[in-house]
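Reading through the structure tokens given below for one structure.
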2 protein chains.
Amino acid sequence: MASDNKMNLVILGLLDHEDLTGYDIKKRIDGSLRYFWKGSFGSIYPALSSLEESGLIRNVKSKSSESGREKIVYKITAAGRKNLLAWLSESKSSNSLKYETLLKLYFGGVADNEVSIATVTEFEKEVESDLAVLRTYKDNLSTVLDERDHVFFYLTVTFGIETYEAYLRWCADAKKILSGKKIVRNKR
Amino acid sequence: MASDNKMNLVILGLLDHEDLTGYDIKKRIDGSLRYFWKGSFGSIYPALSSLEESGLIRNVKSKSSESGREKIVYKITAAGRKNLLAWLSESKSSNSLKYETLLKLYFGGVADNEVSIATVTEFEKEVESDLAVLRTYKDNLSTVLDERDHVFFYLTVTFGIETYEAYLRWCADAKKILSGKKIVRNKR
DNA sequence: TGATTAATGTATCAAAATGATATATGGAGA
DNA sequence: TCTCCATATATCATTTTGATACATTAATCA
């Protein structure tokens with residue numbers, strides 16, 4: 001059941017279609033998951049231990065047989081797959097968003113408008129570079145969308161593109177307002 | 001300097017334009033901040049203690065003088081205001097997004113498509129009701145946008161509206177794809 | 001009036017996550 | 001050979017979460 005630990009579910013999900021080490025898991029999180037999830041070694045390794053203890057995954061220590069160093073590769077078990085499916089079917093999902101950018105903007109009244117403009121501009125730059133990456137993901141995906149698995153990746157990519165484009169529209173608007181170039185008023 | 005504690009900054013920001021109790025702060029976080037920030041009592045009360053100890057805020061115990069119960073009202077100090085301004089001017093902002101909805105979708109290949117459609121639909125409903133609230137915020141704001149402070153609130157509201165509308169467009173698209181009504185393929 | 005429920009208010013706790021750091025090996029290039 | 005970087009596991013202090021405990025005041029309503 002694994003109480004509240006989200007990292008457990010990330011690990012089960014990832015292990016469901018390939019065997020991975022803790023380090024590999026971190027790379028996946030910082031790679032394709034990074035647009036909607038994050039996590040650090042400090043929660044990965046404890047989660048691996050606890051998952052193994054409850055039999056949801058098992059490890060296959062790759063002996064330093066001949067080449068490469070010793071590492072611990074994990075596999076999902078039948079019990080683990082069952083757990084994963086149960087979680088996917090749960091109706092409640094908690095989406096936790098914490099935008100420090102927006103927080104600064106909300107309190108922006110204390111400072112000069114230039115400060116807030118700089119905050120927005122920094123955000124805008126980050127979004128622009130992320131968006132570029134997402135667009136190349138999408139282009140590469142479109143050619144292999146026959147495989148069912150790719151559809152799910154495609155959906156998370158289009159989510160990112162759709163929302164990042166919305167961010168950029170807002171950034172442009174916000175900068176206009178903050179620099180006094182746009183008078184905000186009700187049309188009515 | 002307050003190391004890494006974000007709650008400290010939320011508290012300083014809120015106290016900057018009104019005196020509040022810990023309970024009030026929770027209400028603000030769950031109210032106007034809730035679209036881009038969150039926090040619980042478990043971090044509010046410890047933060048209040050540490051902020052007071054470092055002289056960035058001070059408390060005015062409202063004696064149960066005659067009416068109402070005893071409560072601890074906090075005020076920001078000059079040092080606290082200086083700290084707040086320093087944070088606002090920092091160039092790095094960390095926006096931490098964790099969408100359990102997207103995580104489930106990413107791993108959706110294990111389950112039937114109906115499971116993923118349900119996940120999207122649940123998300124869609126939540127977004128729709130939040131969006132309705134944000135729109136009434138915007139309508140009410142438009143009439144008082146002459147005051148500088150309101151502009152900053154307005155910006156966080158339009159951010160929410162812009163992104164929530166993007167979410168809804170994506171939801172419609174995702175449901176089509178998952179129910180097989182739309183063939184995803186590259187135009188080229 | 002009395003009784004019950006809801007809102008206010010402060011506080012703590014176990015569990016989880018963060019962000020940083022420690023430690024060590026293997027491979028690539030200069 | 002030396003240096004640098006990617007790989008790999010692990011831990012730690014600090015923060016955050018989500019829940020719960022506890023007590024008081026206000027509101028509802030029978």
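Lettering of chains follows the sequences in order, A, B, ..., and the numbering in each one begins at 1. Computed from heavy atoms alone, side chains included, the values below leave out hydrogens, waters and symmetry copies.
- Rounded to whole Å, atom C1' of dT18(C) lies 14 Å from atom CH2 of W37(A).
- An angle of 30°, rounded to 10°, separates the two end axes of the helix from dT1(C)-dA30(D) to dA30(C)-dT1(D), each defined over five pairs.
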What does the list of N/O pairs under 3.5 Å between the protein and nucleotides 21-23 of chain D look like, with a distance for each?
none

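- Applying a 4.0 Å cut-off to non-hydrogen atoms, none of the residues of residues 16-36 of chain A approaches DNA chain C.
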Under 3.5 Å, which donor-acceptor pairs link side chains of residues 9-19 of chain A to any protein atom two or more places apart or in another chain?
unit_1 : atom_1 : unit_2 : atom_2 : d
D16(A) : OD1    : R81(A) : NE     : 2.8
E18(A) : OE1    : R28(A) : NH2    : 3.3
E18(A) : OE2    : R28(A) : NE     : 2.9
E18(A) : OE2    : R28(A) : NH2    : 3.4
D19(A) : OD2    : K75(A) : NZ     : 2.5

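- In this view, T77(B) satisfies the side-chain hydrogen bond (donor to acceptor under 3.5 Å, both in side chains) rule with no residue, not counting sequence neighbours.
- With rounding to whole Å, E100(A) atom CD is found 15 Å from dT16(D) atom C1'.
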Side-chain donor-acceptor contacts of residues 98-106 of chain B below 3.5 Å, not counting sequence neighbours, with atom names and distances?
unit_1  : atom_1 : unit_2  : atom_2 : d
Y99(B)  : OH     : Y167(B) : OH     : 2.6
E100(B) : OE1    : K6(A)   : NZ     : 3.0
E100(B) : OE1    : S94(A)  : N      : 3.0
E100(B) : OE1    : S94(A)  : OG     : 3.4
E100(B) : OE2    : K6(A)   : NZ     : 3.4
E100(B) : OE2    : W87(A)  : NE1    : 2.8
T101(B) : OG1    : N95(A)  : OD1    : 3.3
T101(B) : OG1    : N95(A)  : ND2    : 3.0
K104(B) : NZ     : E90(A)  : O      : 2.9
K104(B) : NZ     : K92(A)  : O      : 3.2
K104(B) : NZ     : S93(A)  : OG     : 3.1
Y106(B) : OH     : S32(A)  : OG     : 3.3

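- In this structure, E126(A) has no side-chain hydrogen bond (donor to acceptor under 3.5 Å, both in side chains) partners at least two apart in sequence or on a different chain.
- With sequence neighbours excluded, the residues satisfying side-chain hydrogen bond (donor to acceptor under 3.5 Å, both in side chains) with D130(B) are R34(B).
- Note on residues 37-52 of chain B: no pairs pass salt bridge (charged side-chain N to carboxylate O under 4.0 Å, His left out), not counting sequence neighbours.
- Rounded to an integer number of Å, the gap from CG of N5(A) to P of dT16(D) is 19 Å.
- Scored by the ring pair (Phe, Tyr, Trp, His ring centres under 6.0 Å) test, Y74(B) finds no partners at all (sequence neighbours excluded).
- S43(A) is linked by a side chain to side chain contact (heavy atoms under 4.5 Å, CB included) to M7(A), S40(A), counting only residues two or more places apart in sequence or in another chain.
- The nucleotide whose nearest atom lies closest to any side-chain atom of S40(B) is, among dG9(C), dG18(D), dT9(D), dG18(D).
- Applying a 4.0 Å cut-off to non-hydrogen atoms, the residues of residues 41-48 of chain B that approach DNA chain D are G42(B), S43(B), listed by residue number.
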